[in-house]
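Okay, so here's the structure we're looking at.
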Amino acid sequence: MNPSRVIGLLGPVLDRADRGRDRWDKWRPTVAVCQHEDLLVERFELLYQRRFRRLAEQVCRDIRSVSPETAVCPHAIELADPWDFEEVYGVLYDFVQAYDFDLEHSDYLVHITTGSHVAQICWFLLCESRHLPARLLQTSPPKRGAKPLSAGDFSVIDLDLSRYDKLMSRFARATEGDICLLKSGIQTRNPVFNELIARIEKVALGCRDPILLMGATGAGKSHLARRIYELKRSHHQLAGAFVEVNCATLRGDALMSTLFGHEKGAFTGATRDRPGLLRAADSGLLFLDEVAELGLDEQAMLLRAIEEKRFLPLGADREAESDFQLICGTNRDLQQEVAQGRFREDLLVRIHLWTFCLPGLAERSEDIEPNLSYELEHFGRTQGVKVVFQRDAARDFLDFATSPRARWSANFRDLNGAVRRMAVLAADGRIDRAIVREEIARLEASWATGASPGDAVAELLGEAEIDLFDRAQLAEVIRVCRASRSLSEAGRELFAVSRQKKKSSNDADRLRKYLARFGLRWEALARADR
Amino acid sequence: MIQIDGSRGEGGGQILRSSLALSLATGQAFRIDGIRAGRKKPGLMRQHLTAVRAAAEVGRAELEGDRIGSTRLRFAPRGCRGGDYAFAVGTAGSATLVLQTVLPALCLASSPSSLVLEGGTHNPWSPPFDFLDRAFLPLVGRMGPRIRARLIRHGFYPAGGGRFELEIEPVERIEPLVLCERGEIRGRRVRALCAGLPAQIGERETARVVDKLGWDPACVSVEEIRDSAGPGNILLVEIECTHLGEVFCGFGQRGVKAEAVADAAVAEIRDWLAAGVPVGPHLADQLMLPIALAGSGRFRTLPLSRHSSTNLDVIGQFVELDARVEEIDHRVVEVELRADAGQGSGS
């Protein structure tokens, strides 16, 4: 350790002797700093208010007496009100700025026991911000039963928290928890992905800058944006809501008003005021997915909203204000969009400060197993049915899923769909090898045609509100129907197990009734296909 | 290189100070480990560091490990020289202890020295200036070197700030000392020094001493000290005998009654008087080192404290000699040190 240099304020009360008593009878913090046998103070920079000059002189004399090793340097300062934060900070800041620190040869300690509480706070802030490259020195009077007239105690507080092992291990645990939150508790193994998440954790908690998430369809951009929101919220960095909008789904006035709001009568159909999603996201997080789909007008508005935190709703004559954390998602090369004049360069500069590319599932084959367990568990939790793989079936599926044959072109959407289908079809909650075999064929077929297996439902039902549970089941039913020549044939296959337990069965009727629940008829299925 | 185990015996700063003094006087380098091991705050404290640096200055020594809290030190002197020196020691440190480390070497230097020592001169747990001046230095003078000491200002714990000066006329070799008789008691002085404290404290201390020992109250004096930096009180009892003077003391402390301060000194004096020996326990401690450097000597004292035994061990590591501690009766021992023809404790 280098010799110590102490910087401290003269304490007009604490460093003064009590009336009628010998000053050596009293614990005086500034003098006591230089009385410790295990603290060698090479130099003491003593700041004192000009009106306490005589006290300062006496303290300097006494320090020289108890500590000939110490060079005491008094510095007069002007302090009209030691309780005025601005003034005290300014005075101490000036001193620190003008001081020539010799960090190579000296350790600096700032004595925080003397001076007003405001001064103490200012010292702390100066150290914390590293304007003052010192550790805090706290002194305290002798404890009861200590040697009479002893110098009391001192402790050195280093604000560099990395020096405290226990704190660091707690922080490490907290960070682990944060990272776990970002990964939805999935024990991912892919090093690239894990590094990416660790970086996102740092950036998300370290600043409020916009974040750009890049990645293919289904790579989990939206999911991750929500997790980032939850993380920031758990750290009290966000108080508002999570607002998500897919820019590809809206066009023109609808998009403008969805984002920025409108006033009644702004355009045909604007029968009421609408605050818009930007305002809904005030003090929260706005996730703009497919941000490249924004028109140039919307881009200009968005840029202003990011830079000025204000924008003009449609038809309004006064600007609205909103302060939100922005996350954008895209699958497009935005540089190229800029080159082709479809995306504003200045907006790109603002939003791609922190850009993270989410790898596709096929590039993260080691993460398929933990995600598979997660999806199954999630299914069980939301549907109230526990579903497990038979051991061989799990191996079959993973062998396929991690092989080059598995393209996972829709990434997690594919995996999620596969799990749902297998879970729904699993008799007694056990996914067997036959179900897996069937699912593999289904996935391969969809990747071969480029269509997702769930698409048939959307094709027939449009954007109808339908549970995923039903959607997965229905998709399989449709597939079987289309592969069958008649309603009866499809029924026989679909109810192959249960029909054996019945004396008589009308599979065709059962299937017809099932389809009717969704407003579907056999004829319509067949026509759509052939 | 001589290897010293600093944790041995009572493991305090004394092992370090004796090692420094012997290293300087004999020109042998040493390394010490475990400095003040087992203490609440182990390693070198400020007062030890001051002693180390003073010794290094006098001996132009190479140093390693001279830091606060260091439990290891390497000290390699490169020739001791007389001259003008000034050493100042901080608050709890005693200037007399700093003197201990450099005095033997300066007594053997090739030129005279003058020393200014600042700090505590009358600190608890250290020999007060009066002990050096009235008991120890006259005996050193009898071994050859001429030393004049002058107290300029008193320094008490905790304010320190005292000062004394020494003139040393060195000799080529230190003569042996034999001190087995104290002779007649010729004079007694019971002094109480009071700085910034009521004289009444000193009056009670001195009255208690003459009362307990049955001495003539005329030998009492209470001195008011005005020059010190801070308050303090010490009780000094000087006994002048035919063959030496001894000094006993009691340290006034906050929360300790004047009578209790006197009683502690009285107990020590009674032991010494009863044993009939010349050398008291503290003087025994101090005398061993110059006698070892002389090559031989003999004295009678009270049974050795652990402190003194440790000191004797350290001496044996620097000087080839045969140390004999013979118990004369249950309260008297005779310590004899003799040059050893290369087969003593040092080999």
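The analysis underlying the following values was restricted to heavy atoms, covering all of them including side chains, and did not include hydrogens, waters or symmetry mates.
- For B/Ser70, no part lies near chain A; criterion is any non-hydrogen pair under 4.5 Å.
- Looking at A/Tyr89 and A/Leu126, their side chains come closer than 4.5 Å, going by heavy atoms from C-beta outward.
- With rounding to the nearest 0.5 angstrom, the CG atom of A/Leu231 is 10.5 Å from the CD1 atom of A/Ile197.
- For chain B, no part of A/Arg61 is nearby; none of its heavy atoms comes within less than 4.5 Å.
- Aromatic ring centres of A/Phe95 and A/Tyr93 lie farther apart than the 6.0 Å criterion allows.
- The residue among B/Met45, B/Gln253, B/His48 with the most heavy atom pairs within less than 4.5 Å of chain A is B/Met45.
- For A/Thr70, no part lies near chain B; criterion is any non-hydrogen pair under 4.5 Å.
- Between the side chains of A/Gln120 and A/Ser116, not a single donor N or O lies within less than 3.5 Å of an accepting N or O.
- Here the side chains of A/Glu42 and A/Ser4 are not in contact, with every heavy-atom distance at 4.5 Å or above.
- Seen from the ring of A/Trp24, A/Arg28 counts as a face-on cation partner, given the 6.0 Å and 45° thresholds.
- When heavy atoms are compared at a cutoff of 4.5 Å, B/Arg163 does not approach chain A at all.
- Contact of A/Asp38 with chain B is made through backbone and side chain together, with heavy-atom distances under 4.5 Å.
- Contacts of B/Leu197 with chain A are absent, with no heavy-atom separation under 4.5 Å from either backbone or side chain.
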